[in-house]
Student: 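The structure is given below, and queries will be raised subsequently.
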Amino acid sequence: MTSTPDSQLPTPQSVALYLVPWILCLLGGLWTVPVAAEPILSDRVVESSDVETLHEEALELLQQGNSLEAFQLWQQELELRQELGIIPEIQALSRVGAIAWSEGELVTLRQIMARLDQIQGDVEGTDQETLQELGVAYQQLRSPQSAVGVYQKLLDLAIEDSNEEQQNTLLGQIAQTHLNWFDYPQAVAGYEGVLSFAQEQEDFLTQIQAYQQLAYSYEQMEEWEGAIATRLNLINLYDRLGQVNSIPKEQIAIAKHYETLGNLKTSAQLYEQAYLIAFEQQHLAYAAEALQSLGILYNNQQKFPEALAVYRSLLGTQAQAYDAYGMMNTYERIAEIHSALDRLEQALAALERGLKLAQHLNVRTEYYTELIQGLMNNE
């Protein structure tokens, strides 16, 4: 019989080590080999499908009117999103934050803002993708100052990198954010920066847009001189670019500002210039608008002969544009002037023309009939 080497025989110590776990299981009443417990969710790899399911369930609950449970699910989703990466988490914070804002969930909003601020504090200054997502998220949560702060960091990076396209975009984002939140002084400062950069780059489209937004911001602040100067610069740019069609609109706006300031002579001159350019370009809508405004200006000053001349020109412009409704209203304005001058026959003739147009359009026939009857009773 072949002998077995001692090294291949089990020793008493190894046998004991092998049997101990089994003996302990038997003593504890366990008749199966113990297995490792299934890891809890936070110990497993989180799949995007897990959190998408939570989001969909939360939306259903919200639609059913159960906002409390909906936001509890969203809270779970946001916690899980942290394991999927910083960008997906910020996007989820942005989405849930927008819902919380619309639903008036202030506690959730504060929590999300705190998390976004924490992320911004931790993010590397050169991580442009994360900063961009943070800017969008702050906008969704209606936190313009935080958004502008992020955009300013991105602008500094773009300047360091000499990325002119990115600089232009970010200057516009900063200015537009101020404008969207009615911070008009800051919007003016922002768009002046946009304009200056666009002028350096000879970017005429951006210059036009910046002038328009600057003028709008000045007008919202009722700073008419600033608005006038801005629109005059815009007219000069249109003239250089040969975009004559765009000039009458700006002249009409400037004329209205001068009218507000009491400079009626300059206002009248601008209305006339706007009409002439618009009519020459066959831009009949602006031509009619300029004449309507000029007619009102003269009428308010009781310059009735001038007003009548303007309204006659307006009738011709409206006829060329096939604007029967506009002609109907113009005849009424003419009738009012003749009535003020006690020219009842001419006023009656104008109203009758207005009535014919009203009958043609099937509008306001009773109104014009009553006006005519009232004039006839005064004769």
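Predicted model only: the values in this text are computed from it and were never measured.
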Student: Do Gln118 and Arg115 touch side chain to side chain, with heavy atoms closer than 4.5 Å?
Tutor: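 Result yes, sub-4.5 Å side-chain heavy-atom pair found.
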Student: Any side-chain heavy-atom pair from Gln173 and Gln152 closer than 4.5 angstrom?
Tutor: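 No, too far: nothing below the 4.5 Å cut-off.
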Student: Do Arg364 and Glu370 sit within salt-bridge range, that is, some charged N less than 4.0 Å from a carboxylate O?
Tutor: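 Not counted as a salt bridge, because no side-chain N and carboxylate O are separated by less than 4.0 Å.
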Student: Would you say the side-chain atoms of Ser162 pair up with the backbone N or O of Ala158, donor to acceptor, closer than 3.5 Å?
Tutor: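 Side chain of Ser162 to backbone of Ala158: no pair is present.
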Student: Measuring only between side-chain heavy atoms, which start at C-beta, is Val136 closer than 4.5 Å to Ile90?
Tutor: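 Counting from C-beta outward, Val136 and Ile90 never come under 4.5 Å.
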Student: Restricting to side chain to side chain contact (heavy atoms under 4.5 Å, CB included), what partner residues turn up for Gln128, sequence neighbours left out?
Tutor: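 Per chain and number, Gln128 pairs via side chain to side chain contact (heavy atoms under 4.5 Å, CB included) with Leu154, Leu157, Asp161, Gln166.
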Student: Between Gln320 and Gln282, is a side-chain hydrogen bond (donor to acceptor under 3.5 Å, both in side chains) present by the stated rule, with each step listed?
Tutor: CA-CA 10 Å; Gln320 191 170 340; Gln282 285 297 283; 2.7 Å; yes
Student: Identify the heavy atoms of Ser339 and Leu375 that sit nearest to each other, and give their distance.
Tutor: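 Ser339 and Leu375 have their closest heavy atoms at OG-CD2, 3.8 Å.
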Student: With a 3.5 Å cut-off and no angle check, do the side chains of Asn168 and Glu164 form a donor-acceptor pair?
Tutor: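 No, no side-chain donor-acceptor contact under 3.5 Å.
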Student: Determine whether Ile87 and Glu129 satisfy the following criterion, side chain to side chain contact (heavy atoms under 4.5 Å, CB included), listing intermediate values before the conclusion.
Tutor: CA-CA 8 Å; Ile87 299 299; Glu129 183 182 7; 3.9 Å; yes
Student: If you look at every heavy atom in Met328 and Leu357, which pair is closest and at what distance?
Tutor: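 The answer is N-CD1, 3.6 Å.
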Student: Take Tyr311 and Leu291 through the test side chain to side chain contact (heavy atoms under 4.5 Å, CB included) and record every step on the way to the result.
Tutor: CA-CA 7 Å; Tyr311 285 134; Leu291 288 175; over 6 Å; no
Student: Answer yes or no: are there more than 12 heavy-atom neighbours, outside Glu165 itself, under 6.0 Å from its atom CD?
Tutor: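 Counting other residues, nucleotides and ligands, CD of Glu165 stays at 12 neighbours or fewer.
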Student: Where is the tightest heavy-atom contact between Glu52 and Arg81, given as atom of each residue plus distance?
Tutor: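 Looking at all heavy atoms of both residues, the closest pair is OE2-NH2, 2.8 Å.
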Student: Kindly say whether Gln213 contributes a backbone atom to a donor-acceptor pair with the side chain of Ser217 at under 3.5 angstrom?
Tutor: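 Yes.
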Student: Are Glu89 and Ile119 side-chain neighbours, meaning at least one heavy-atom pair lies under 4.5 Å?
Tutor: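 Counting from C-beta outward, Glu89 and Ile119 do come under 4.5 Å.
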Student: Which residue, Gln209, His178, Gln176, Gln212, forms the side chain to side chain donor-acceptor pair (under 3.5 Å) with Tyr191?
Tutor: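 Option passing the side chain to side chain donor-acceptor pair (under 3.5 Å) with Tyr191: Gln176.
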Student: Given the rule in the side chain to side chain contact (heavy atoms under 4.5 Å, CB included) test, do Phe197 and Leu195 qualify, once you have shown the distances and angles that lead to the verdict?
Tutor: CA-CA 5 Å; Phe197 187 80; Leu195 177 62; over 6 Å; no
Student: How many angstroms lie between atom CD of Glu133 and atom CG of Leu116, to the nearest 0.5 angstrom?
Tutor: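 Those atoms lie 11.0 Å apart.
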Student: Taking all heavy atoms of Pro248 and all of Tyr286, pick out the closest pair and write down the distance.
Tutor: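 Closest approach of Pro248 to Tyr286: CB-CB, 4.2 Å.
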Student: Any chance you could lay out the side-chain hydrogen bond (donor to acceptor under 3.5 Å, both in side chains) test for Tyr138 and Gln120, step after step, and finish with the verdict?
Tutor: CA-CA 11 Å; Tyr138 282 129; Gln120 184 182 177; 3.0 Å; yes
Student: Taking the side chain as every heavy atom from C-beta outward, state whether Phe204 and Leu237 have any pair of such atoms under 4.5 Å apart.
Tutor: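 Touching, per the 4.5 Å side-chain cut-off.
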Student: Can you check whether Ala229's main-chain N or O pairs, donor with acceptor, with Arg231's side chain at less than 3.5 Å?
Tutor: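 No; zero donor-acceptor contacts below 3.5 Å.
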Student: Go through it in stages, so that I can follow the logic: the residues are Ile252 and Leu270, the test is side chain to side chain contact (heavy atoms under 4.5 Å, CB included), and I'd like the CA-CA distance, side-chain angles, deciding distance and then a yes or no.
Tutor: CA-CA 7 Å; Ile252 291 169; Leu270 282 166; over 6 Å; no
Student: Do Tyr218 and Tyr216 belong together in a cluster built from hydrophobic side chains that touch within less than 4.5 Å?
Tutor: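 Yes, one cluster joins them.
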Student: Between Lys356 and Glu352, is there a salt bridge with N-O shorter than 4.0 Å?
Tutor: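 Between Lys356 and Glu352 there is no salt bridge, as every charged N stays at least 4.0 Å from the carboxylate O atoms.
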Student: Hey, does the side chain of Ser293 reach the backbone of Ala290 with a donor-acceptor pair shorter than 3.5 angstrom?
Tutor: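 No, Ser293 side chain to Ala290 backbone: no donor-acceptor pair under 3.5 Å.
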Student: Are a donor atom and an acceptor atom from the side chains of His257 and Glu219 found within less than 3.5 Å of each other?
Tutor: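 Per modelled atom types, His257 and Glu219 side chains form a pair under 3.5 Å.
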Student: Once you round to the nearest 0.5 Å, how far does CG of Leu84 lie from CD of Gln91?
Tutor: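 Leu84 atom CG to Gln91 atom CD measures 11.0 Å (nearest 0.5 Å).
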Student: Is any side-chain heavy atom of Tyr238 less than 4.5 Å from a side-chain heavy atom of Val244?
Tutor: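 Counting from C-beta outward, Tyr238 and Val244 never come under 4.5 Å.
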Student: State, without any angle test, whether Thr330 and Gln318 hold a side-chain donor-acceptor pair at a distance under 3.5 Å.
Tutor: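 Their side chains do contain a donor-acceptor pair, which is all the 3.5 Å distance test asks for.
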Student: Output the distance between atom CG (Leu348) and atom CD (Gln373), rounded to the nearest 0.5 Å.
Tutor: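 Here the interatomic distance stands at 10.0 Å.
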Student: Do Asn233 and Thr230 pair up side chain to side chain, a donor and an acceptor below 3.5 Å, judged on atom types alone?
Tutor: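 Side chains of Asn233 and Thr230: no pair found under 3.5 Å.
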Student: Is it true that Met221 and Phe182 fall in one hydrophobic cluster, defined by side-chain heavy atoms closer than 4.5 Å?
Tutor: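 Looking at the clustering, Phe182 is in the same group as Met221.
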Student: Is there a continuous path of hydrophobic side-chain contacts, each under 4.5 Å between heavy atoms, that joins Ile174 to Tyr211?
Tutor: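 Yes, same cluster.
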Student: Taking the side chain as every heavy atom from C-beta outward, state whether Glu103 and Phe71 have any atom pair closer than 4.5 Å.
Tutor: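 Yes; the side chains approach each other to less than 4.5 Å.
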Student: Would Leu106 end up clustered with Leu78 when hydrophobic side chains under 4.5 Å apart are linked, directly or stepwise?
Tutor: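 Yes, Leu106 connects to Leu78 through the hydrophobic network.
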Student: Would you check if the side chain of Asp239 reaches a backbone N or O of Ile235 as a donor-acceptor pair within less than 3.5 Å?
Tutor: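 Between the backbone of Ile235 and the side chain of Asp239 there is no qualifying donor-acceptor contact (under 3.5 Å).
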Student: Under a 4.0 Å N-O cut-off, is there an ion pair linking Glu289 with Lys249?
Tutor: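 So Glu289 does not pair with Lys249 through a salt bridge.
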Student: Taking atom types as modelled, find out whether Tyr367 and Glu332 have a side-chain donor-acceptor pair closer than 3.5 angstrom.
Tutor: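 Result is yes, a qualifying pair exists.
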Student: Run the salt-bridge test on Arg110 and Glu105 with the 4.0 Å N-O cut-off and return the result as yes or no.
Tutor: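 A salt bridge is absent here (no side-chain N lies under 4.0 Å from a carboxylate O).
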Student: Within the supplied structure, the quantity of interest is the number of heavy atoms (other residues, nucleotides, ligands) at a distance under 6.0 Å from Asp122 CG; does it exceed 12?
Tutor: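 More than 12 heavy atoms, drawn from other residues, nucleotides or ligands, come within 6.0 Å of this atom.
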Student: Could you check if a side-chain atom of Leu241 sits within less than 4.5 angstrom of a side-chain atom of Ile208, using non-hydrogen atoms only?
Tutor: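 Side chain of Leu241 against side chain of Ile208, heavy atoms only: contact under 4.5 Å found.
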Student: Using 30° and 60° as the class limits, which term best fits the ring planes of Trp74 and His55: parallel, tilted or perpendicular?
Tutor: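 Geometry flag for His55 against Trp74: tilted rings.
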Student: Going through the distances and angles, do Gln139 and Thr177 end up as a side-chain hydrogen bond (donor to acceptor under 3.5 Å, both in side chains)?
Tutor: CA-CA 8 Å; Gln139 292 271 32; Thr177 299; 2.8 Å; yes
Student: Salt bridge check: are Lys256 and Glu259 linked by an N-O gap of less than 4.0 Å?
Tutor: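 Not counted as a salt bridge, because no side-chain N and carboxylate O are separated by less than 4.0 Å.
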Student: Minimum heavy-atom separation for Gly172 and Val194, please, with both atom names.
Tutor: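 Where Gly172 meets Val194 most closely, the heavy atoms are N-CG2, 3.7 Å.
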Student: Assigning hydrophobic clusters by single linkage (Ile, Leu, Val, Met, Phe, Trp, Tyr; side-chain heavy-atom cutoff under 4.5 Å), is Met327 placed with Leu371?
Tutor: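 Per the 4.5 Å side-chain linkage, Met327 and Leu371 are co-clustered.
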Student: Which heavy-atom pair separates Gln132 from Leu170 by the least distance, and what is that distance?
Tutor: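 Result for this residue pair: NE2-CD2, 4.3 Å.
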Student: Check the pair Tyr275 / Gln251 against side-chain hydrogen bond (donor to acceptor under 3.5 Å, both in side chains), numbers first and verdict last.
Tutor: CA-CA 9 Å; Tyr275 161 69; Gln251 290 177 316; over 6 Å; no
